[in-house]
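Take a look at the structure below.
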Amino acid sequence: MPRTAAAHPPASPSPPSSLPRAADPDRRRTSASVVLRSVLEHGPVARSTIARLTGLSPASVTDYCARFARLGLIREAAAPRQSKGVGRPHVPVDLDDSRFVMGSVHVAVPYTTVALLDLRGRVVAERRLRHTGTVEPARVLARAADELAALLAGAPGCRALSAGVAVGGWVDRDSGTVVAHPLLGWRDVPVRDVVGAHTGLPVHVDGHARALVNAERLFGRARGSGSVLHLFVGNVVDAAFATHDEVHHGPRSQAGAIAHLPVPGGTEACACGRTGCLQAELSERTLCRRAREAGVTDGVNPMHVVAAAADGDLAAVRLLVDRARRVGRAVGLLLDVLNPETVVVTEIGVLHRADCLAALRDEVGAERAAAVVPTSFGDSVLAVAGGAVALDVLYRDPLGASPERN
């Protein structure tokens, strides 16, 4: 199956301590997760190495690997690794990323991104569907489901295990519902039910900041970090925080709502009636309005501001660097409260320009600057977000989310 270039650089192998350990109350599923994560992070890897890294018995590791091989999730590597002593060579195992894909849907304010991801979180195919007219939930989600079907039809020999949907705003993961997304005008939208009915697939739904924390800890630069903060700065501004491989959701998955945190020095009026709220200051709508006022662009696409800066427009450069500094102030506030090992920022200036990343880190301060990194997934970050929702479910419970269940 043809693939696009990898959407993100390979992460460095994580230390053994980063692997989740087998524990009660559900040892079978937790142990299965440990083994599959070990193959993801270290493969091709010998079963004996998995046993050593995870603390599981060699017999248990062999059993899980046999199950995963039957399900088509892993395979034996082509060349056996010769043992130093007498006996059967140590044949390493690796993910089989040729059979299964995850459907991915990310609903943003101006468009929906639809994609297929392989089991390593790499984008196999991606399309963007621009919204026209009213953003009516049933229509947007049905169109995304139809596009997923078209992408799958163009990937013969691959089967979708499930689909993930990532959306900004308040998303209740347990019910698969967008509780409130003011910019889209969505309220109590049963996303899981709608997309599931159209695709016939198991569907998992979460907020995009939490989805990207999971993507970073599975496939990105934050692999191995004990705690990770992700700050998403688009039209929606929100955050997610994970410690010891667990993302904090809070009651009804409302954690990470930071839109109305005050930004020091902020001047933008917010719909809530206050001035200087984080989302009002940093949203891409605000960036584009300021760009129009400065004569940089006459549109509403923030990438036109990035393009103008690349062409040498000093006003565009100033707008992007100033925005990055404001993002840095927000990161500094969150660092003070949460003190994570790693902060991942998804923001267009930081993603595309070294001067924006430098401005952000300068605002954070030299002692903490190294902890702040841009998203690992480049321009495919939204495609990765949706698929990461489903991939997180697979890697947490590979037997429960396996092909034989679907």
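Atoms considered below: every heavy atom in the structure, side chains included; atoms not considered: hydrogens, waters and symmetry mates.
A donor-acceptor contact shorter than 3.5 Å is absent between the side chain of T286 and the backbone of L282. No side-chain donor-acceptor contact under 3.5 Å links S162 to the backbone of A390. The backbone N or O of G169 lies less than 3.5 Å from no partner atom in the side chain of W186, so there is not a single donor-acceptor pair. In terms of modelled atom types and a separation under 3.5 Å, the side chain of S227 and the main chain of E341 share a donor-acceptor contact. Formation of a donor-acceptor pair under 3.5 Å by the T49 side chain with backbone atoms of V45 is not found in this model. A donor-acceptor pair is defined here as one N or O able to donate and one able to accept, closer than 3.5 Å; no such pair exists between the side chain of W170 and the backbone of A257. Proximity of a side-chain donor or acceptor of R210 to a complementary backbone N or O of A255 within less than 3.5 Å is detected. In this structure a side-chain-to-backbone donor-acceptor pair under 3.5 Å is present from Q279 to V237. A donor-acceptor contact shorter than 3.5 Å is absent between the side chain of R47 and the backbone of P92. Not one N or O on the side chain of D172 forms a donor-acceptor pair closer than 3.5 Å with the backbone of G176.
Using the six-membered ring where Trp is involved, Y395 and F219 have ring planes that are perpendicular, over 60° apart on the 30 and 60° scheme. Ring pair F232/H230 is tilted by interplanar angle, where 30° to 60° counts as tilted.
No hydrogens or angles considered: a donor-acceptor pair under 3.5 Å links the side chains of E216 and S376. D63 and S60 are not linked by any side-chain donor-acceptor pair at a separation below 3.5 angstrom, with hydrogens and angles left out of the test. A donor and an acceptor atom, one from each side chain of H249 and D174, are nowhere located under 3.5 Å apart. When only modelled atom types and interatomic distance are considered, T112 and H131 share a side-chain donor-acceptor pair under 3.5 Å.
Between V343 and V373, the closest side-chain pair of non-hydrogen atoms is not below 4.5 Å. Looking only at side-chain heavy atoms (C-beta outward), L161 and M102 come within less than 4.5 Å of each other. The side-chain heavy atoms of V165 and V389, taken from C-beta on, include no pair separated by under 4.5 Å. Contact check for H352 versus D379: side-chain heavy atoms found under the 4.5 Å cut-off. Between V167 and H181 there is a side-chain heavy-atom pair separated by less than 4.5 Å. Between D96 and I74 the shortest side-chain heavy-atom distance does not fall below 4.5 Å. P58 has its side chain out of reach of S48: every pair of non-hydrogen atoms, C-beta onward, lies at least 4.5 Å apart. At a threshold of 4.5 Å between non-hydrogen side-chain atoms, the residues S253 and V171 do not count as touching.
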Requested in this report: Might you work through the salt bridge (Lys or Arg N to Asp or Glu O under 4.0 Å) test for R217 and D392, ending with a clear yes or no?
Outcome: CA-CA 10 Å; R217 68 176 183 79; D392 174 61; 2.3 Å; yes

Query raised in the report: Step by step, would you call D97 with R75 a salt bridge (Lys or Arg N to Asp or Glu O under 4.0 Å)?
Result: CA-CA 9 Å; D97 54 18; R75 57 175 175 78; 5.6 Å; no

Report task. Could you walk me through whether L53 and H42 pass side-chain contact (heavy atoms from CB on, under 4.5 Å), step by step? Result -> CA-CA 10 Å; L53 290 173; H42 300 281; 3.6 Å; yes

Report task. Go through the steps for T30 and D397 under the test side-chain contact (heavy atoms from CB on, under 4.5 Å), then give the verdict. Result -> CA-CA 7 Å; T30 305; D397 185 11; over 6 Å; no

Requested in this report: Apply the test side-chain contact (heavy atoms from CB on, under 4.5 Å) to residues L141 and V189: give CA-CA distance (whole Å), side-chain angles for both, the deciding distance (0.1 Å), then the verdict.
Outcome: CA-CA 10 Å; L141 296 174; V189 178; 4.2 Å; yes

Report task. Could you check T346 against H208 for side-chain contact (heavy atoms from CB on, under 4.5 Å), going step by step and ending with a plain yes or no? Result -> CA-CA 11 Å; T346 297; H208 58 198; over 6 Å; no

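With respect to the salt-bridge test (charged N to carboxylate O, under 4.0 angstrom), the residues R37 and E41 qualify. Note on R285 versus E268: no salt bridge recorded, every NZ/NE/NH1/NH2 to OD/OE distance being 4.0 Å or above. A salt bridge between R326 and E363 is absent, with no side-chain N of the basic residue lying under 4.0 Å from a carboxylate O of the acidic one. One finds no salt bridge joining D313 and R318 here, because no Lys/Arg side-chain nitrogen approaches an Asp/Glu carboxylate oxygen to under 4.0 Å. In summary, R353 and D355 engage in a salt bridge, as defined by a charged side-chain N under 4.0 Å from a carboxylate O. Looking at E281 and R290, a side-chain N of the basic residue comes within less than 4.0 Å of a carboxylate O on the acidic one, giving a salt bridge.
The neighbour count for R289 CZ, taken as heavy atoms of other residues, nucleotides or ligands under 6.0 Å away, is above 12. The 12-atom threshold is exceeded at CG of D311, counting heavy atoms of other residues, nucleotides or ligands nearer than 6.0 Å. E367 CD: 12 or fewer foreign heavy atoms inside a 6.0 Å radius.
Of the inter-residue distances, the one linking N301 atom CG with I348 atom CD1 reads 8.0 Å to the nearest 0.5 angstrom. The OG1 atom of T177 sits 7.0 Å away from the CG atom of D193 when rounded to the nearest 0.5 Å. The distance from atom CG of L95 to atom CG of L119, rounded to the nearest 0.5 Å, is 6.0 Å. Once rounded to the nearest 0.5 Å, the distance linking CG of L399 with OG of S33 reads 10.0 Å. Once rounded to the nearest 0.5 Å, the distance linking CG of L333 with CG of L231 reads 10.5 Å. Rounding to the nearest 0.5 angstrom, the gap separating the CZ atom in R99 from the CG atom in L73 is 9.0 Å.
When all heavy atoms of A388 and L117 are compared, the pair lying nearest together is N-CD2, 4.3 Å. The two residues A240 and V213 have their closest heavy-atom pair at CB-CG2, 3.6 Å. Summarising the geometry of G256 relative to D238, their closest heavy-atom pair is O-CB, 3.4 Å, with the distance given to 0.1 Å. Of all the heavy atoms in L335 and R368, the pair that sits closest is CB-NH1, 3.4 Å. Counting all heavy atoms, side chain and backbone alike, V236 lies closest to G168 at CG1-CA, 4.4 Å. Closest approach of G387 to S104, counting heavy atoms only: N-OG, 2.9 Å.
For T297, there are no side-chain hydrogen bond (donor to acceptor under 3.5 Å, both in side chains) partners at least two apart in sequence or on another chain.
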